[in-house]
Protein chains: 2
Amino acid sequence: MPFPVHPPTHAECTGAMRSVRDALDLLGGKWKLPIIVGLSNGPQRFKQLQREVVGITAKMLSKELKELEINGLLTRHVQADTVPVAVTYTLASYGKTLFPVIEALHQWGQQHRTHIMHPGAAAMLEEAAG
Amino acid sequence: MPFPVHPPTHAECTGAMRSVRDALDLLGGKWKLPIIVGLSNGPQRFKQLQREVVGITAKMLSKELKELEINGLLTRHVQADTVPVAVTYTLASYGKTLFPVIEALHQWGQQHRTHIMHPGAAAMLEEAAG
DNA sequence: CCGTATCCTCATCGATACTG
DNA sequence: CAGTATCGATGAGGATACGG
């Protein structure tokens with residue numbers, strides 16, 4: 001088993017599609033992206049992060065953070081000598097390698113909104129292109 | 001409502017995250033990517049496509065194709081003068097604008113596999129970076 | 001503060017049978 | 001061939017209560 005980290009929620013893929021699926025699954029779900037964005041402005045403690053990621057429950061935040069940590073995207077640091085304990089999550093430099101990917105998604109998604117709202121121009125281009 | 005096309009499966013997002021979510025949702029799910037890949041080698045009829053996208057049921061293929069068509073990623077052409085009717089699906093040139101995005105996901109996903117299998121080097125880099 | 005445990009709802013997807 | 005209709009399983013995610 002070459003890729004034990006992520007649970008195979010989707011069908012097995014062959015060749016190049018496997019890695020696309022991996023990246024998609026890593027960014028997929030409801031909360032992964034907001035969490036990464038929330039941490040992109042600097043380290044956050046659990047409660048801070050929960051306030052930033054509006055609507056997330058402690059259960060989901062805990063679960064998602066665990067997955068992201070296992071994948072090396074963020075690090076978890078426990079300050080044990082305080083009461084109560086303070087836990088800080090930091091976006092790893094490896095996690096920041098996702099930024100170009102997210103940016104690519106952002107660019108496409110943004111133009112897609114305008115594309116959907118002005119389908120006429122696109123249709124004419126389609127027609128011209130055959 | 002600025003974006004009526006895609007069902008809002010996920011929480012509303014603010015600012016830049018909306019468009020990332022849009023792109024992610026469009027590519028997300030189990031079958032969208034395999035279908036796009038299957039059509040990237042040229043037009044396909046329904047049954048052909050179902051053979052190419054291994055494991056998909058007619059129900060899912062029909063549903064996914066409808067969504068992709070609504071989003072302008074592919075076109076549906078009906079040859080009504082044959083018995084039985086022939087329906088051909090073609091990846092629109094607009095659909096091909098997704099290729100760079102998919103390529104970005106592919107690149108990251110591929111290096112992630114090697115990253116996960118050689119975490120030592122990454123850990124050392126992390127440590128040095130602080 | 002930082003989570004975990006339990007129960008619950010709902011969307012997604014699969015299997016199967018059926019129609020034009 | 002190209003789908004649709006129906007039923008059922010599965011799992012992501014939410015609500016709430018509780019523990020360290």
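Letters go in sequence order (proteins before strands), and every chain restarts at 1.
- The nearest pair of heavy atoms linking B:L27 to B:K32 is O-CB, 3.9 Å.
- As rounded to whole Å, 11 Å separates atom P of C:dG14 from atom CG of B:L61.
- Proximity of B:R51 to the phosphate of D:dA2: no side-chain N or O atom is located under 4.0 Å from OP1 or OP2.
- The CD-P distance, from A:Q79 to C:dC2, rounds to 12 Å in whole Å.
- Whole-Å rounding puts the A:H77 NE2 to C:dG3 P distance at 13 Å.
- For the pair A:K66 and C:dT4, the criterion of a side-chain N or O lying under 4.0 Å from OP1 or OP2 is met.
- Rounded to an integer number of Å, the gap from B:K32 NZ to C:dC13 C1' is 12 Å.
- Across the protein-nucleic acid pair, B:L65 atom CG and D:dT4 atom P stand 10 Å apart, rounded to whole Å.
- Of the two residues near DNA chain D, B:T88 and A:I56, the one whose nearest nucleotide lies more 5' is B:T88.
- Here the nucleotide nearest the side chain of B:T57, chosen from C:dA15, D:dA2, C:dG3, is C:dA15.
- Nearest-nucleotide assignment on DNA chain D puts the 5′-proximal partner with A:M60, out of A:M60 and A:P84.
- For A:W31, the side-chain atoms get nearest to D:dG14 when compared with the rest of D:dG14, C:dC13, D:dA2.
- For A:K47, the side-chain atoms get nearest to C:dC2 when compared with the rest of D:dG3, C:dC2, D:dG13.
- For residues 98-111 of chain B, every residue pair satisfying the side-chain hydrogen bond (donor to acceptor under 3.5 Å, both in side chains) rule, not counting sequence neighbours, is listed here: A:S19-B:H106, A:Y94-B:Q111, A:T97-B:W108, B:E103-B:Q107, B:H106-B:Q110.
- Paired regions of DNA chain D, where each region holds three or more successive Watson-Crick or G-U pairs whose two hydrogen-bonding distances fall under 3.5 Å, are C:3-20 with D:1-18.
- The A:K63 side chain lies nearest to D:dG13 when the options are D:dG3, D:dG13, C:dC1.
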Exercise for the section: Take B:E64 and B:K30 through the test salt bridge (Lys or Arg N to Asp or Glu O under 4.0 Å) and record every step on the way to the result. Expected result: CA-CA 10 Å; B:E64 302 287 80; B:K30 186 170 179 178; over 6 Å; no
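- The A:S62 side chain lies nearest to C:dT4 when the options are C:dT4, C:dC1, C:dG14.
- Going from atom CD of A:E64 over to atom P of C:dT4 covers 13 Å, rounded to whole Å.
- Distances shorter than 4.0 Å separate some side-chain N or O of A:Y89 from OP1 or OP2 on C:dG3.
- Annotation for B:Q50 and B:A58: closest pair NE2-N, 3.4 Å, computed over non-hydrogen atoms.
- Listed nucleotides: C:dT6, D:dC1, D:dG3. Nearest to the side chain of A:K59: C:dT6.
- For B:L91 against B:L73, the heavy-atom pair with the smallest separation is CD1-O, 3.5 Å.
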Mind listing the side-chain donor-acceptor pairs of residues 34-44 of chain A below 3.5 Å, one per line with the distance, residues two or more places apart or on another chain?
residue : atom : partner : partner atom : Å
A:S40   : OG   : A:V37   : O            : 2.5
A:Q44   : NE2  : A:E52   : OE1          : 3.3

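- Separating the CD atom of A:Q50 from the C1' atom of C:dC2 is a distance of 10 Å, rounded to the nearest angstrom.
- Without hydrogens or angle criteria, B:T90 side chain to B:A92 main chain gives no donor-acceptor distance under 3.5 Å.
- Smallest separation of non-hydrogen atoms from A:N71 and B:H112: OD1-NE2, 3.0 Å.
- Phosphate contact (OP1/OP2 of C:dG3, side-chain N/O of A:R45, threshold under 4.0 Å): absent.
- Note: CD (A:Q44) to C1' (C:dC1) measures 15 Å, nearest angstrom.
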